[in-house]
Every structure is written in C-alpha cells, then in structure tokens.
S.K.: 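To start, I am sharing the structure in question, which I have written as structure tokens.
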Amino acid sequence: MEKNITVLYVDDEPVNLEIFEFYMRRRFNLFLAESGARGLEILEREKDISIVLSDMKMPGMNGLEFITAASHKRPELPFFILTGYDITPQIAQAIQAGLVKRYYSKPYQMKEIEAGIREAVA
Amino acid sequence: MAENKKSVSRPGEWKPGSFIPRVSFTAYEHSEYSIRLKVRFLFYLLISLLIGVLSTLCMDLYLHTSSSARINFIGIIAAQVTLFGVLLICLYFLRKGRFHIAAHLLTIATLTTIWGVMFIDRSEPIMQLDTVILICGVLSMLPIVVTKKVQAIIGYILANIGILFLLVMYKSVTANLSYVVCVEYLTDSIIALVFIGVVVYNNFSINSRSIEKAEADIKEREAAESALRISEHKYRVLIENLNEATVLIDKDEVIQFVNKKFTEKLGYKLDDIIGRTTFDTFVPEEQKELVHEANSLRKFGISSQYELTLINRDGEQIPFLVSGAPIKDGDEIFSGSIATLTDITERKKIEDSIRASEERFRLLIESSPFAISVTDITGKYLLINTEYSLEFGFSQEEVIGKTPIELGMWPTEAQMQAIYTGLSESGKIEHYETTKFDKNGTEIPIYFSSRLVTMNGEPVVLSSLVNMTEKKKAEQVLERYRENLEQLVKQRTEELSEANEELLSINNELLAQREELQNALAELHLAQNQLIEAEKMASVGILAAGIAHEINNPLNFILGGVAGIEDYIQESMPGQMEELAPLISGIKMGVERASKIVTSLNHFSRSTDALDENCDVHSVIDNCLIMLENTLKHRVKITRDYSDVRFFVKGNEGKLHQAILNILTNANQAIDDEGTIIIHTLPDGDNVRIEIIDTGEGISSAILDKIFDPFFTTKEPGHGTGLGLSITYNIIKEHCGKIFVSSETAIGTRVMILLPLIKE
C-alpha cells in the first residue's frame with residue numbers, strides 16, 4: 001500500500017467521513033474536515049496534501065466556494081466534488097473552467113473514487 | 001094476526017108526514033109508490049071490516065040468545081061468517097102481493113053482500129032500496145082498486161046497473177012497487193052509478209096521467225142532472241189540470257176555489273186561501289188597487305187582462321198575466337169572477353233581454369263614430385243613425401222610405417246601380433270610395449263598406465261610411481310635406497352614407513382589434529394553464545431535488561459501508577468472501593436501484609428553460625421508465641429496441657423528460673390489463689425517430705384530432721388535467737421536432753416523435 005498520497009476530504013456528514021476513512025485509510029494518508037472552514041485550516045497547515053475532495057452541499061460555505069477558496073491557496077491541487085444532487089450548471093461551469101477536475105454523484109463507488117484519485121495524482 | 005103480517009119496517013121508506021101509518025110488506029118493495037099506498041089503505045080497510053064483521057056477528061049472536069025475534073037468523077049468521085072468510089082470503093092475497101086479486105075480491109064480495117042483503121031484505125021498500133047508497137059508496141073505492149085496466153071500471157058500473165035492474169024487477173014483484181016508483185028509482189040510481197063511473201074514470205085517468213107526467217119529468221130532470229154532473233166534472237178536471245193557475249172569487253172578492261196549479265205556483269195551502277179575500281194573502285199592498293179596479297169592472301161584465309206580481313208563500317214575487325172574466329148565476333146576475341194566472345217570469349226575462357238587446361243595438365248604432373244606414377234592396381232607407389243625420393243634414397224622418405236618388409244624394413242612378421249590383425253578387429262591398437251630396441248640395445267624398453244581411457227575414461243593406469273631406473285635405477297637405485321630405489331625405493342620406501363609410505372602416509378596425517385581443521386572451525389562457533402545470537412540475541422538481549440529496553447521503557453511507565466491509569473481509573478473511581459475495585452484491589444492487597430512482601427524479605427536476613443542454617435520448621427514455629417502473633412492473637412488458645447509436649438532441653432535458661414521460665404514462669394507462677410497450681429509436685435523416693407503441697385500448701378516430709387540444713381528456717375528473725399531451729406537443733415544437741399519433745381502437749396506439757440531432 002503506497003501511502004504517499006495525502007487526501008483531504010470535506011463533508012458535513014460525519015458518517016460519510018467515517019466510512020471514507022475506514023476504506024481509504026489503508027490506501028492513502030487522510031485528512032478529514034466537517035466544514036469548508038476546517039478544510040481550509042487543514043490545507044493551510046498540512047503541506048503534504050496532494051488532492052482535495054469536497055461535498056457540494058454544506059452549511060456555511062458550500063463545496064464550490066470552499067474549492068474556490070482552496071484553489072487560491074493551492075492552485076496546483078486537483079479538486080473533486082461529490083454531490084447528492086445531480087450536476088448543476090455551477091458545477092458544470094466549474095468543471096469547464098478547470099477548477100473542478102471531476103465530479104461524483106452520491107452514492108459513489110469507493111473503488112471509482114480510489115481510481116480517480118490515483119489517476120488525478122499520477 | 002095483523003101484527004104478524006107486518007114486515008120489518010125500513011127506515012126512510014115512507015116519507016115523514018104521510019097520513020098512513022108506517023106499515024110495509026116485503027112483496028111490494030119494488031112496486032110503484034101509489035100501489036104501496038093503496039096496499040096500505042086496503043090493509044087497514046080489511047082490518048076495519050074484519051073488526052066490523054066480527055062485532056056484528058057477536059051482536060047478532062047475543063041478540064039471538066036474548067030474544068028470538070029474528071026469523072032468518074041462520075041465514076044472517078052464515079052470510080056474516082062467509083064474509084069474514086072472504087075478508088081473510090083478501091088479506092091473504094094482499095099479503096102475498098096479489099093486490100089486484102085482493103082488491104077486486106073485496107070489492108066484489110062487498111058488492112055481492114050488499115046486493116044479497118038488498119035482495120033478501122023484506123022490510124019497508126024504502127029500507128030495502130036505500131041500501132043502494134052503499135053500492136055507490138063501494139064503487140067510489142074503484143080508483144083504489146083499479147090500477148091498470150080502465151075497462152074494469154066500466155065493467156063494474158055496467159054490472160051493478162044490470163044487478164040494479166034485476167033488483168028493481170024483483171022488488172017490483174015482491175014489494176009491489178009501482179012502475180013509476182021503479183022507473184024513478186032506476187033512473188036516479190043509474191044516473192048516480194053512471195056519474196060515479198064517469199068521476200071514477202076521470203079521476204083514474206087524471207091520476208095516471210099525472211103520474212106519467214111526473215115520472216117523465218123526473219126522468220128528464222135526472223138526465224139533465226146527470227149531464228150537468230158530467231159537464232161539471234169535465235170542467236173541474238179541466239180547471240184542475242190547467243197549466244195556468246186559476247182562481248174563482250165571488251162578488252165580494254172572496255176566494256171560492258183555486259186549482260192545483262195555483263197552490264203549486266204560489267205554495268199556499270187551500271186552507272190559507274179559501275174563504276179569504278185576495279188582499280189578505282198574495283196580492284202585494286201596492287197592487288191591491290189594480291186588482292180591486294179589475295174586479296169592480298167584472299160587475300159590468302167586462303173581462304180584462306193585466307200583469308200582476310204576486311207574493312208566494314216564501315215571500316218571493318212572481319210576475320203573472322191575469323186573464324179575468326165575470327161569472328153570472330142562473331139568473332144572469334153577476335156572482336163573481338174567474339181568473340187564470342199565467343206565470344210570465346220567463347216571458348219577462350225574454351222581454352227584458354229583447355229590450356236590452358234592442359237597447360244595445362240602438363246604443364251601438366247611435367254611438368258608432370261612423371255614419372250608419374240600413375236600406376232595403378231597392379235603396380230605400382229603413383234606418384240611419386245620428387252621425388248619418390249630422391253628416392248629410394237629413395233627419396231620420398226625412399229619409400225613411402226614400403232612396404238617395406229621391407233625396408238628391410246621388411245625382412244619377414248609375415252610381416247606385418253599380419253598388420247594388422255589386423252587393424247582390426258578393427253580398428258585400430269593401431272600402432268603396434265615392435261622393436254623395438248632402439242636403440245643401442255640397443259634395444262630400446265618402447268611403448264606405450256595405451253588407452247584405454237579413455233582418456226580420458228581409459234582405460237589407462247595412463252600410464257604414466266615413467266622411468273623407470278632412471282626410472282628403474290632409475292628404476294634399478301630406479303630399480306637399482312628402483315632397484319636401486323626400487328632398488330633405490335625399491340630402492341627408494348622402495351625408496349619412498359618407499359618415500357611414502367612415503364608421504364602417506372604424507368598425508372593421510375595431511373588429512380586427514377585437515379578434516386580436518380574443519386570440520391574445522386565448523393564448524394567455526393557455527399560457528396561464530401551462531404555467532400552472534409547469535409551476536406544478538417545478539415544485540415537484542424542487543421537492544424531488546431535496547429528497548434526492550437527503551436520500552443520496554444515506555445511500556452513500558450504505559454503499560461506502562459495504563465497500564469498507566468488502567475491503568475488510570478480503571483482507572482479514574478472504575475465505576469468507578465467496579460466501580458473503582451474494583449479500584454484498586445484493587446490498588450494492590439495492591443501493592444502485594434506489595440511486596437510479598433518485599437520479600431520474602433529478603433529471604425531471606431540471607427546471608431551467610434553457611434549450612442548450614445536450615440531451616441523451618436513451619438516457620431520457622430510461623429515466624422516464626425508471627420513474628414509471630412502479631406502475632409498469634409485472635403488468636406491462638417494456639421492449640426497448642434502441643438503435644446502437646447514441647442520439648444527442650439540443651434542448652432542455654427536464655422538458656424532454658416531461659414530454660416522453662407524458663407519452664409513456666398515456667401508453668401505460670391505455671393498457672387495461674396486460675400489454676406491451678415497444679420503444680424504437682432510429683435515425684431518420686437529420687432527426688432521431690422515437691416510436692412508442694402500446695397494445696392498449698387505442699383512441700377512437702372521432703377524438704384523435706383533439707388529443708393535443710388543451711384540457712381535452714378522456715380520464716375521469718381529478719385523474720387528468722387534459723394538459724399532458726398539449727404540453728408534450730408544445731415541448732416537441734420548442735425543440736423543433738414533430739409528433740404524430742396513429743391509433744386503432746382495441747389494437748393500440750403508435751406515437752412517433754422526430755427530434756433534430758445535434759450537428760457534428
């Protein structure tokens with residue numbers, strides 16, 4: 001198991017965070033945040049982070065706002081968005097603008113996410 | 001003995017005051033009255049004689065016993081006994097009803113006895129001959145003895161004269177009578193006997209004639225009385241049954257008799273009326289004088305008729321016609337009057353109605369605003385009304401019996417002839433205009449109508465006419481006005497037609513505007529409804545999106561959790577993996593299916609109006625099918641016959657989704673029980689062709705062209721808005737597509753959609 005990839009996952013649902021952690025902990029280094037603000041703090045602190053995944057709908061700043069803010073700090077990082085909704089025009093726009101690399105609809109396949117992370121970081 | 005012979009007396013048989021005591025014999029019950037009187041006389045005579053003879057006999061017997069002076073004692077006794085016996089025989093015959101025998105026997109016996117005594121007597125001649133007086137006395141009884149045969153009287157007289165001759169001849173010998181004495185005696189005696197005979201004869205004949213006369217008189221009277229009775233009965237029946245009430249009053253106006261009709265009519269009982277005067281009962285106060293006057297005239301033999309109102313028992317007044325006549329008694333003296341009373345209630349009514357009718361007729365004729373005349377068929381006036389008089393100046397009296405020509409109303413006969421010919425042909429003349437001259441010779445234009453009618457059985461002409469003088473004048477004035485008016489109208493018409501043209505063009509504009517507005521309104525109405533529908537859909541979309549997010553997170557827990565568990569098992573106990581694989585794949589499948597539904601909801605909810613999305617046709621159809629899966633399951637088989645090529649269409653996915661969903665929903669609902677929906681997709685030039693075919697009940701050709709109309713629905717109220725296909729149609733149109741529907745009842749429906757493909 002290569003642990004050279006460090007993932008930041010932001011989601012307001014703690015269960016999502018736990019399950020993500022359970023599956024991914026043996027594959028990647030993980031940082032988990034319950035809000036965009038927390039995510040930004042972690043991103044500020046941890047310079048090892050190689051990829052950022054964020055839920056779309058969150059209290060406070062939403063996924064896109066967070067990613068926008070995060071991309072200002074670390075523009076080189078790939079950002080994925082995970083959404084309970086279908087693709088929205090904003091997301092489509094963000095994808096087109098290259099801000100968001102990929103988007104996944106919930107419920108997502110862990111394997112797909114894993115593969116996506118590897119592909120994006122590689 | 002006498003008591004025994006009496007029959008039972010019958011009361012009333014003998015008239016009171018008869019000088020003979022009341023004794024009767026049954027044998028003479030049916031005999032004549034005179035015979036019965038004679039019987040009575042004879043009976044008492046016989047009783048007297050018997051007593052006389054018996055006393056003489058007793059006296060002789062006493063004398064004989066006390067002295068024996070009488071020589072011829074035996075002879076005398078024998079004669080007396082014989083006489084007594086004869087008298088008894090007479091009595092016997094009398095009682096047996098043989099009056100004649102008894103009477104003659106008594107007479108003959110008496111005469112025989114007297115003659116016998118005269119022959120036997122030996123005393124002084126004067127004593128011997130004077131006994132002839134007794135003969136005369138007996139003979140004077142002849143009118144009683146002889147009842148029928150007058151010759152018997154003559155017989156008796158002649159027989160006694162004969163015996164007298166014999167006696168005289170005998171005595172002249174025995175008593176030495178001189179011839180002169182004998183002749184003298186004979187002459188006197190015969191004269192006496194003849195005189196008695198003549199008297200008796202005459203007496204008898206006078207009596208018989210008187211009786212005959214009396215009997216004849218009686219018969220005649222009886223016949224007269226009988227005739228009178230019949231006559232009286234006849235008249236009584238006649239009067240009783242007379243339909244007129246009849247009353248008989250005496251000269252003091254007291255009611256003697258009224259007939260049945262009278263009591264019926266007036267309701268009084270006989271006791272109420274008879275014996276009272278008419279004034280006491282039924283003649284009203286105010287009419288008493290009238291009745292009294294009429295009754296007074298009767299005394300002078302005057303009959304009369306008059307109308308009288310009487311009061312019946314119920315107090316109602318009934319009009320009568322009274323016909324009264326005086327009655328005279330046998331001595332031609334006024335004794336009262338008889339009157340018949342005819343109820344004239346009906347006649348009065350008729351008279352009143354005739355009077356009213358005449359009144360109406362007169363009123364109608366007189367109050368008519370038209371001049372009216374009635375003429376006979378030769379044109380002679382019978383009647384004109386006041387208006388007619390006023391119009392032509394002739395009075396009613398002046399015109400009656402004259403023709404208009406005689407009156408100078410028409411100068412020539414030709415005019416009148418024409419009218420009367422017309423009348424006799426058609427029975428009427430309508431609206432005839434002519435002129436007539438009035439009394440002053442002024443010509444008056446008239447306008448009239450006539451009718452040939454029958455009045456009192458005679459054909460007459462009824463005409464009504466109007467004086468047209470004023471009208472003619474008015475007409476001339478009118479004519480002038482009319483000409484002016486025509487000019488004016490012409491002028492105004494021209495002005496008006498110009499104005500009218502202007503108005504017309506304005507009107508047309510307004511009409512066009514109105515049409516536009518109406519169309520706009522219709523469009524608005526439709527748009528509003530579509531908006532409502534769209535709003536509804538949008539709301540559903542927002543809701544669906546919310547739900548989707550909330551469901552997707554738990555689904556994510558499950559899917560993530562399973563992925564974790566799977567990962568764990570593979571790592572720590574790979575041997576178990578095979579066994580747990582079905583469970584894990586089941587969980588995954590569940591999550592996948594749930595996720596699909598949520599996704600399809602998401603598709604549906606895309607609410608942007610933009611038509612700039614790249615829509616995957618197959619994905620849209622699939623999403624719709626997922627949404628319908630619940631209702632389709634097991635019942636309807638879905639056959640997807642997709643082209644291998646994926647088709648992309650420029651447009652709004654949410655709207656396309658909605659359009660396809662509507663069609664699929666209809667197809668689904670068209671299938672009652674089990675059926676199939678086949679979905680073809682294939683390229684068709686620059687378009688993609690989507691065919692949705694169901695095996696449902698189909699749409700009848702009658703309504704096939706209406707299915708895209710807004711609000712048209714075959715579903716029950718509350719189950720469909722009737723907007724589904726209309727919205728579908730609009731969506732397809734928005735996407736520059738086309739939609740076609742063909743259907744056959746009980747076979748199914750085929751919907752074909754053409755949508756332009758995105759050009760590469």
S.K.: What verdict does the salt bridge (charged side-chain N to carboxylate O under 4.0 Å, His left out) test give for B:Asp567 and A:Lys111, after you've listed the backbone C-alpha separation in whole Å, the side-chain angles of each residue and the deciding distance to 0.1 Å?
M.R.: CA-CA 10 Å; B:Asp567 199 42; A:Lys111 279 186 181 158; over 6 Å; no

S.K.: For atom CG of B:Asp686, decide whether the heavy atoms of other residues, nucleotides or ligands shown that lie under 6.0 angstrom number more than 12.
M.R.: no

S.K.: Give me the contact list for residues 11-19 of chain A versus chain B, heavy atoms only, anything under 4.5 Å, ordered by residue number.
M.R.: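 Heavy-atom contacts from residues 11-19 of chain A to chain B are A:Glu13, A:Val15, A:Asn16, A:Ile19.
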
S.K.: Between B:Ile565 and chain A, with a heavy-atom cut-off of 4.5 Å, which part of the residue counts as in contact: side chain, backbone, both or neither?
M.R.: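 Contact with chain A is through the backbone of B:Ile565 alone.
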
S.K.: Taking atom CD of A:Gln109 and atom CG of B:Leu559, what is their separation to the nearest 0.5 Å?
M.R.: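 These two atoms lie 4.5 Å from each other.
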
S.K.: Determine which pairs satisfy salt bridge (Lys or Arg N to Asp or Glu O under 4.0 Å) with at least one residue from residues 59-81 of chain A, sequence neighbours left out, and list them in order.
M.R.: A:Glu44-A:Lys73, A:Arg74-A:Glu76

S.K.: Around A:Glu46, counting heavy atoms of other residues, nucleotides and ligands shown, do more than 12 lie under 6.0 Å from its CD?
M.R.: yes

S.K.: What are the two closest non-hydrogen atoms of A:Met110 and B:Ala563, and how far apart are they?
M.R.: CG-CB, 3.4 Å

S.K.: Within a strict 4.5 Å, meaning less than it, do heavy atoms of the B:Asn552 and A:Lys57 side chains meet?
M.R.: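 Of all side-chain heavy-atom pairs linking A:Lys57 with B:Asn552, none is under 4.5 Å.
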
S.K.: Quick one: does A:Tyr108's side chain get under 4.5 Å of B:Asn556's, heavy atoms only?
M.R.: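 They are in contact (side-chain heavy atoms under 4.5 Å apart), so the answer is yes.
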
S.K.: Relative to chain A, which segment of B:Glu592 carries a heavy atom at a distance below 4.5 Å: side chain, backbone, both, or neither?
M.R.: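 Contact with chain A is absent: no heavy atom of B:Glu592 under 4.5 Å.
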
S.K.: With a 4.5 Å cut-off on side-chain heavy atoms, are B:Glu571 and A:Arg26 touching?
M.R.: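 Answer yes - side chains close enough.
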
S.K.: Does atom CZ of B:Arg646 have more than 12 heavy-atom neighbours, drawn from other residues, nucleotides or ligands, at distances under 6.0 Å?
M.R.: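 Check fails, neighbour count at 12 or below.
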
S.K.: Give the intermediate values and the outcome of side chain to side chain contact (heavy atoms under 4.5 Å, CB included) for residues B:Leu555 and A:Lys106.
M.R.: CA-CA 7 Å; B:Leu555 286 178; A:Lys106 284 181 180 177; over 6 Å; no

S.K.: Could you list which of residues 729-739 of chain B have a heavy atom closer than 4.5 Å to any heavy atom of chain A, in residue-number order?
M.R.: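 Result: none.
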
S.K.: Where does A:Phe22 contact chain B at under 4.5 Å (heavy atoms): side chain, backbone, both or neither?
M.R.: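 Answer is side chain: those atoms of A:Phe22 sit under 4.5 Å from chain B.
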
S.K.: Please collect all salt bridge (Lys or Arg N to Asp or Glu O under 4.0 Å) contacts where either partner lies in residues 575-587 of chain B, sequence neighbours excluded, each pair once.
M.R.: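 Sorted result for residues 575-587 of chain B: empty, none.
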
